[in-house]
There are 2 protein chains.
Amino acid sequence: MKAAAARKPAPRLSRAARTEALLHAARAVFAAKGYEQAAVAEIAARCGVVEGAVYKYFPTKRALLLAVLARWYEEMFGDYARELASIDGARERLRFLIERHLRSIRDWPQLCRLMFREVRAQPDYPDSPLYALNRRYSGLLLRVIEEGAAQGEFRADLSPRLVRDLIFGGIEHHTWRYLADARTPASRRAARAPDIARLADPLTRLVCEGLMPRAPTRRKRA
Amino acid sequence: MKAAAARKPAPRLSRAARTEALLHAARAVFAAKGYEQAAVAEIAARCGVVEGAVYKYFPTKRALLLAVLARWYEEMFGDYARELASIDGARERLRFLIERHLRSIRDWPQLCRLMFREVRAQPDYPDSPLYALNRRYSGLLLRVIEEGAAQGEFRADLSPRLVRDLIFGGIEHHTWRYLADARTPASRRAARAPDIARLADPLTRLVCEGLMPRAPTRRKRA
DNA sequence: GTTTTTGGTGAGTCTAACTCACCTTCGGCG
DNA sequence: CGCCGAAGGTGAGTTAGACTCACCAAAAAC
């Protein structure tokens, strides 16, 4: 009772600083509660402001979510392209991207889940900046597949987009249980994180070599 | 003005008949509007009853959704197992299930979307009857893969579950744009339905043979 | 020191899921 | 045929949370 339901005086920040604080708090609350269960009032309270203040910075709750995720995307995939450039061979590049994708899901299951469930499913998604960010990201994998096909390391009779979607969709589906459960600390105990070391390699093999056995598993020597 | 905002007299149905009518109306409304945009009042109105009446039959809006989808699942996959039994060869059975899955998505994109977005992502899903139905369905594909491996037609060094998830997840991801857009008749014009004939085969080839070229594409003769 | 700009407030409105006390019709039973 | 209990249906609530707005006060501009 020391605060005695204290009325809030008023801290005061610049627009940039307040935006930063709101994005930080919003990420935490969205990650912990999911979109619908998250209350704008709680995000505001964590910054020491009142609910109405949030709407001075973001027009809607949804816009706040999109801003949180855009920030995360930029943090995350900032230097993927650079790292990728230092890897030789289509198959090795493929494996790298598969492993990175798995790692993103393992490390940020709640934000991935928001991306999959709240953003990608909405009709306004194709026009949002997040769509552009996602295209840039998934374009990395697409280009690896296309280049692999152009140089004869991959077969050229399959749509690169189909291959890309098989990989991303397959990973998402395989890790879905973890994505759905890893919300509260309580449930995270039950949901075991995907073991990247044991997943990246079989996945790469499956995509590259297929389900049917190869006669002597001949490996091309460059 | 001919109805003059007519007050509703009162039709009256048995519990079974009213439940049926509500499920029918709810499927239409959920399919057209999605879960959040669907109003319980509208579902009720389509049956000529008032909103409160719905809650005599279903405890929550969500329970109504689950009942709608459970009904749909049962309609849909009633005789899959039987049809599947008449097909020989793991690869052919795989192709059959891939094609059927694509067909379900093409024919019921809105309900698939509800399944993916509203049901599967919820924490109560693993305890719901829908989860059991889905396990039964996806078990068909899993068993095809396992049997194919047991009989040497498929390689045995890959987790069957990983293969299954790659297929289901890949299909879902590849058709996502259609799933997300095919809601209103207006938007369905833009979202072209997946061409099953042009998708089932490459998908089967990709999964079976892999991304890397095979020397002479040797096909086993049984 | 005055004015203007802008961060912040708190008391609203609005919508839609859900509740509840009551009404009314139907089927059974003397 | 008339009563009565059960069950379908009603409509006026309650509640929660997103969003709005008129106003205030501190900082910045002049």
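Proteins come first, then strands; the chains are lettered A, B, ... in the order of their sequence lines, and each starts at number 1. Values below: every heavy atom of this structure, side chains too, minus hydrogens, waters and symmetry copies.
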Peer 1: Is E172(A) salt-bridged to R120(A), cutoff N-O under 4.0 Å?
Peer 2: yes
Peer 1: Establish, with yes or no, whether the OP1 or OP2 oxygen of dG8(D) is under 4.0 angstrom from a side-chain nitrogen or oxygen of K56(B).
Peer 2: no
Peer 1: Between R95(A) and T204(A) (side chain of the first, backbone of the second, donor and acceptor by atom type, cut-off under 3.5 Å), is there such a pair?
Peer 2: no
Peer 1: dC21(D), OP1 or OP2 - any side-chain N/O from Y55(A) closer than 4.0 Å?
Peer 2: no
Peer 1: I'd like to know if E118(A) pairs up with R62(A) as an ion pair, taking the criterion as any Lys NZ or Arg NE/NH1/NH2 lying under 4.0 Å from an Asp or Glu carboxylate oxygen.
Peer 2: no
Peer 1: May I ask you to check if R106(A) and Y178(A) form a cation-pi contact, with NZ or CZ under 6.0 angstrom from the six-membered ring centre and within 45° of the axis?
Peer 2: no
Peer 1: Roughly how many Å is it from CZ in R12(B) to P in dC23(C), rounded to a whole number?
Peer 2: 15 Å
Peer 1: Measure from the side chain of Y57(B), starting at C-beta and using heavy atoms only, and say which of dG8(C), dG8(D), dT10(D) lies closest.
Peer 2: dG8(D)
Peer 1: Should Q37(B) and F30(B) count as side-chain neighbours, where that means a heavy-atom distance under 4.5 Å?
Peer 2: no
Peer 1: Find the distance K61(B):NZ to dT19(C):C1' and express it as a whole number of Å.
Peer 2: 17 Å
Peer 1: Take the angle between the ring planes of H101(B) and F168(B) and call it parallel below 30°, perpendicular above 60°, tilted in between.
Peer 2: tilted
Peer 1: Mind checking if F58(B) touches a base, just sugar-phosphate, or nothing, with heavy atoms under 4.0 Å?
Peer 2: nothing
Peer 1: Give me the residues of residues 33-42 of chain B where at least one heavy atom lies under 4.0 Å from an atom of DNA chain D, by number, or none.
Peer 2: none
Peer 1: Is it true that R46(B) and E42(B) make a salt bridge, defined as a side-chain N closer than 4.0 Å to a carboxylate O?
Peer 2: yes
Peer 1: Expressed in angstrom and rounded to an integer, what is the separation of L64(B) atom CG from dC18(C) atom P?
Peer 2: 10 Å
Peer 1: Just the rounded figure in Å: distance from P of dC20(C) to CD of E51(B).
Peer 2: 15 Å
Peer 1: Would you jot down, in residue-number order, the residues of residues 14-30 of chain A having a non-hydrogen atom under 4.0 Å from DNA chain D?
Peer 2: none
Peer 1: Would you find a donor on one side and an acceptor on the other, under 3.5 Å apart, between the side chain of K61(A) and the backbone of A38(A)?
Peer 2: yes
Peer 1: Salt-bridge test for E99(B) and R198(B): reply yes if a basic N is under 4.0 Å from a carboxylate O, no otherwise.
Peer 2: no
Peer 1: Rounded to the nearest angstrom, tell me the gap between atom CG in L65(A) and atom P in dA18(D).
Peer 2: 12 Å
